[in-house]
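Here the structure is laid out as structure tokens; the discussion comes afterwards.
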Number of protein chains: 2
Amino acid sequence: MNVETSQPDVRSRILVEATRLFAERGYNGTSIQAVSESVGIRRPSLLYHFKSKADLRDAVLANMLTYWKDALPSILTAATSGGDRLDRALSAMAAFFVEDPNRARLINREMLDRPEPMGELFRENLRPWTGLLTGYIRMGQEAGSVRADLDPEAWTLQMIMAAIGAVAVGPVGGHMLSEHPSVERQLRELVRTAKASLFNPRPPAQTSEVS
Amino acid sequence: MNVETSQPDVRSRILVEATRLFAERGYNGTSIQAVSESVGIRRPSLLYHFKSKADLRDAVLANMLTYWKDALPSILTAATSGGDRLDRALSAMAAFFVEDPNRARLINREMLDRPEPMGELFRENLRPWTGLLTGYIRMGQEAGSVRADLDPEAWTLQMIMAAIGAVAVGPVGGHMLSEHPSVERQLRELVRTAKASLFNPRPPAQTSEVS
DNA sequence: CCTACCGATCGGTAGG
DNA sequence: CCTACCGATCGGTAGG
């Protein structure tokens, strides 16, 4: 596994392996020894790049947040650009997690392990974007296209969490049923559920800005 | 019999503390030392009741499954006894987790930590009951009351996972939004979402609110 | 249910 | 990026 071809600097290789292992086995279930072995170096070498295990965790989380901050704007902007594009926005969010299921698993784990720090992270980085979405939903309610009894914040949160849950633990939960729905099937139903629960049954004709 | 101290046998006290700690900090984040301290005994004493840490985990899981098997039938029977009782069924499921959030957290953690064993557990214990529900949904589809494009398995799974997620990590996710929805609010919206996405919109009545 | 003790592994440091 | 070494904690056993 280890060769002199350690070109893609060691630090980022450590990050990749740590992300994978933390997502799969959890922070407490992963020794830095295991991480360094996956990279092909010795433990002290890893500790040269990251002062401590906690430091490595923070770096892993910060690194992932980069992807979030990169992906979310385009996802949520898509959602606010037209009624019929909601499914594309939800699909984009789903695709973000499906692309690498470990993203969903890691977030799920960290939410369980360290609620407060994760809450803080969400607050600082994601809030502006979700605010955009809930604001747009409220506009839809005033316009009559979105159900009046819908709770914008709770609805938004539910859809995000459902996408994470479907990817992170969906396949396991699937065993509750005789016919295990694939993650794709679960996400397809999520989109259907989202649309059916968001829009009014017979929206007042609202297709004026069709592309 | 012992009268001085109200000690409902040590074994179950160990189970209670272990359940709490496993749910809060995870299996790998909890030492049997910590469990025994919570109970007020020494570690070797705990190991007299449970041969190993893995043994303790199995017992905790089996113990919780008892509650599930006790609660699920009544929940799902309620769901199949009438169209308008769906919300009561969902509320019952939600209440089961709200009553002790650690139930949701523990299940979430175990699904992440040990997918296969948990899948097996679900398969053996929960499948009959969910089959009842999906069968009923299919009947509703044939009768026309339930949306034809709904995926019964995926829909059922989504609602169960959403309830677990809302209780286990909902409060953390709430920080994504400027106005944190309480767990109660999240579950209320879950019920609304479930109904709106399950049933067909009312047959075109005379009301003409369409512009 | 306890005291006493075990080897293995943990995260981390010294020093080059 | 390495070898060598550290104290602390881990799960578990002996034996009463």
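Naming convention: chains lettered A, B, ... in sequence-line order (proteins, then strands); numbering from 1 in each chain. Side chains included, hydrogens not; waters and symmetry mates left out as well; all remaining heavy atoms used.
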Note, [X] side chain near [Y] side chain (heavy atom, < 4.5 Å):
X: B/Gln158; Y: A/Arg192; value: no
X: A/Thr130; Y: A/Phe122; value: no
X: A/Phe50; Y: A/Ile32; value: no
X: B/Leu187; Y: B/Val98; value: yes

Figure out the [atom1]/[atom2] separation between [X] and [N], and round it to whole Å.
X: B/Asp9; N: C/dC1; atom1: CG; atom2: C1'; value: 14 Å
X: A/Ile32; N: C/dG11; atom1: CD1; atom2: P; value: 5 Å
X: B/Phe50; N: D/dG11; atom1: CZ; atom2: P; value: 15 Å
X: B/Gln33; N: D/dC10; atom1: CD; atom2: C1'; value: 10 Å
X: B/Asn28; N: C/dC10; atom1: CG; atom2: P; value: 11 Å
X: B/Glu37; N: C/dC2; atom1: CD; atom2: P; value: 12 Å
X: B/Leu21; N: D/dC10; atom1: CG; atom2: P; value: 13 Å

For A/Arg105 and A/Asn108, which I'm curious about, is there any donor-acceptor pair between the side chains at under 3.5 Å? no

Here's one to test your reading of the geometry: is the NZ or CZ of A/Arg103 within 45 degrees of the ring axis of A/Phe96 and under 6.0 Å from its centre? yes

Test item: B/Arg147 side-chain N/O and B/Ala196 main-chain N/O as donor-acceptor pair under 3.5 Å: yes

Using Watson-Crick pairs (N1 to N3, plus N6-O4 or O6-N4) and G-U wobble pairs, both distances under 3.5 Å, which stems of at least 3 pairs involve DNA chain C? C:1-16 with D:1-16

Classify the nucleic acid contact of B/Ile41 as base, sugar-phosphate or nothing, counting any heavy atom under 4.0 Å across all strands shown. sugar-phosphate

Tell me what B/Ser36 touches on the nucleic acid: a base, only sugar-phosphate, or nothing, going by heavy atoms under 4.0 Å. nothing

Check B/Thr30 against B/Gly26 and note the closest heavy-atom contact, atom names and distance. OG1-O, 2.7 Å

Residues A/Leu61 and A/Glu110: closest non-hydrogen pair is CD1-CG, 3.7 Å

For DNA chain C, what residues of residues 55-63 of chain A have any heavy atom nearer than 4.0 Å? none

Readout for nucleotides 3-8 of chain D: B = base within 4.0 Å of protein heavy atom, S = sugar-phosphate only, - = neither; 5' to 3' it is BB----

Of the candidates C/dG12, D/dT13, D/dG11, the side chain of B/Lys53 sits closest to D/dG11

Pick the closest DNA chain C nucleotide for A/Ala54 and for B/Gly40 by heavy atoms, then say which residue is nearer the 5' end. B/Gly40

Evaluate A/Thr193 against B/Trp155 for side-chain hydrogen bond (donor to acceptor under 3.5 Å, both in side chains), listing each step before the verdict. CA-CA 8 Å; A/Thr193 296; B/Trp155 183 89; 4.6 Å; no

With respect to A/Asp55, which candidate in A/Arg57, A/Lys51, A/Lys53 satisfies the salt bridge (Lys or Arg N to Asp or Glu O under 4.0 Å) definition? A/Lys51

Would you indicate, yes or no, if D/dC10 has its OP1 or OP2 atom less than 4.0 angstrom from a side-chain nitrogen or oxygen of B/Ser31? yes

Is any NZ, NE, NH1 or NH2 atom of the basic residue among A/Asp151 and B/Arg188 found under 4.0 Å from an Asp or Glu carboxylate oxygen of the other? no

